[in-house]
Colleague: 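Have a look at this one.
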Amino acid sequence: MVKDVAALIGRIGIGIVFVAHGWQKWTEFGLAGTTASFEKMGVPLPSVSAAFAATVELAGGLALIAGVALPIAGVLLAINMLGALFLVHLPNGLLGEGGSELVVALGAGALALGFNGGAYALDRVLFKNNKVLNPAAA
């Protein structure tokens, strides 16, 4: 039970950060502003990358919080963070301005929680017989 509560707290905490970043890309910066920022940073296909990042961060963060489609959300969020790591943050080192520590922590956390989200997840109810979306399925 303690492990499941810890997983729930982790999913909520990391999910909130992803939702905030995705929401910011959609509403504060707008897709045009996010695209322009990605273009300035040299991200390939900036409009496609911006839409992908904004959508995955928002929807993936909500999925983590709810505990739904956790393996899919975890993998997509980790891929998104790998892109941020290699395309933007890696040259800045691990710590400091523009450093990679946040994207590494978020990506690793999302991936781990995507496959070990605990008992308090909607996947356990919605996909109780599906071994892909509910690794605990017997």
Colleague: Donor-acceptor pair, Asp4 side chain versus Tyr120 backbone, under 3.5 Å?
Modeller: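 It does not hold such a pair.
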Colleague: For the CG atom of Leu95 and the CG atom of Leu102, what is their distance to the nearest 0.5 Å?
Modeller: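 One gets 12.0 Å once the value is rounded to the nearest 0.5 Å.
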Colleague: Quick check: closest heavy atoms across Ala73 and Gly60, and the distance to 0.1 Å?
Modeller: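 Where Ala73 meets Gly60 most closely, the heavy atoms are CB-O, 4.1 Å.
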Colleague: Using side-chain contact (heavy atoms from CB on, under 4.5 Å), reason through Leu58 and Trp26 one step at a time and then give a plain yes or no.
Modeller: CA-CA 9 Å; Leu58 183 59; Trp26 279 113; 4.0 Å; yes
Colleague: Compile the donor-acceptor pairs under 3.5 Å between side chains in residues 30-44 and protein atoms, sequence neighbours left out, one pair per line.
Modeller:
from, atom 1, to, atom 2, distance (Å)
Thr34, OG1, Lys25, O, 3.1
Thr34, OG1, Gly30, O, 3.0
Thr35, OG1, Leu31, O, 2.8

Colleague: Name every donor-acceptor pair, under 3.5 Å, that has one atom in a side chain of residues 82-93 and the other anywhere in the protein, sequence neighbours excluded.
Modeller:
from, atom 1, to, atom 2, distance (Å)
His89, ND1, Gly98, O, 3.0
His89, ND1, Gly99, O, 3.2
Asn92, ND2, Gly98, O, 2.9

Colleague: Is there a side-chain contact between Val56 and Leu77 (heavy atoms, below 4.5 Å)?
Modeller: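 Val56 vs Leu77: side chains touch.
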Colleague: Check whether Ile16 and Val5 end up in the same hydrophobic cluster, where Ile, Leu, Val, Met, Phe, Trp and Tyr are linked by side-chain heavy atoms less than 4.5 Å apart.
Modeller: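 Yes, it is one cluster - the side chains of Ile16 and Val5 are joined through contacts under 4.5 Å.
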Colleague: Does any part of the side chain of Met81, heavy atoms only, come nearer than 4.5 Å to the side chain of Phe18, both counted from C-beta?
Modeller: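 Phe18 reaches Met81 side chain to side chain.
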Colleague: Determine the minimum heavy-atom distance between Gly107 and Ala78, stating which atoms define it.
Modeller: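 So the two residues come closest at O-CB, 3.8 Å.
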Colleague: How long is the straight-line distance from CD1 of Ile14 back to CG of Leu113, given to the nearest 0.5 Å?
Modeller: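 Leu113 atom CG to Ile14 atom CD1 measures 5.0 Å (nearest 0.5 Å).
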Colleague: Is it true that Leu62 and Ile12 fall in one hydrophobic cluster, defined by side-chain heavy atoms closer than 4.5 Å?
Modeller: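 They do share one cluster, since a chain of ILVMFWY contacts under 4.5 Å joins Leu62 to Ile12.
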Colleague: Going from CG on Leu122 to CD1 on Ile65, what distance comes out if it is rounded to the nearest 0.5 angstrom?
Modeller: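 The CD1 atom of Ile65 is 12.0 Å from CG of Leu122, to the nearest 0.5 Å.
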Colleague: Between Asp123 and Ala69 (side chain of the first, backbone of the second, donor and acceptor by atom type, cut-off under 3.5 Å), is there such a pair?
Modeller: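 Such a contact is found between Asp123 side chain and Ala69 backbone.
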Colleague: Roughly how far apart are Leu70 CG and Arg124 CZ, rounded to 0.5 Å?
Modeller: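 So the gap between those two atoms works out to 9.5 Å.
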Colleague: If you round to the nearest 0.5 Å, how far is CG of Leu106 from CG of Leu64?
Modeller: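 Reported to 0.5 Å precision, the distance equals 10.0 Å.
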Colleague: Is the backbone of Gly118 close enough, under 3.5 Å, to the side chain of Arg11 for a donor and an acceptor to pair up by distance?
Modeller: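 Side chain of Arg11 to backbone of Gly118: no pair is present.
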Colleague: Below 4.5 Å, heavy atoms only, C-beta onward: do Val19 and Glu57 meet side chain to side chain?
Modeller: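 Not touching, per the 4.5 Å side-chain cut-off.
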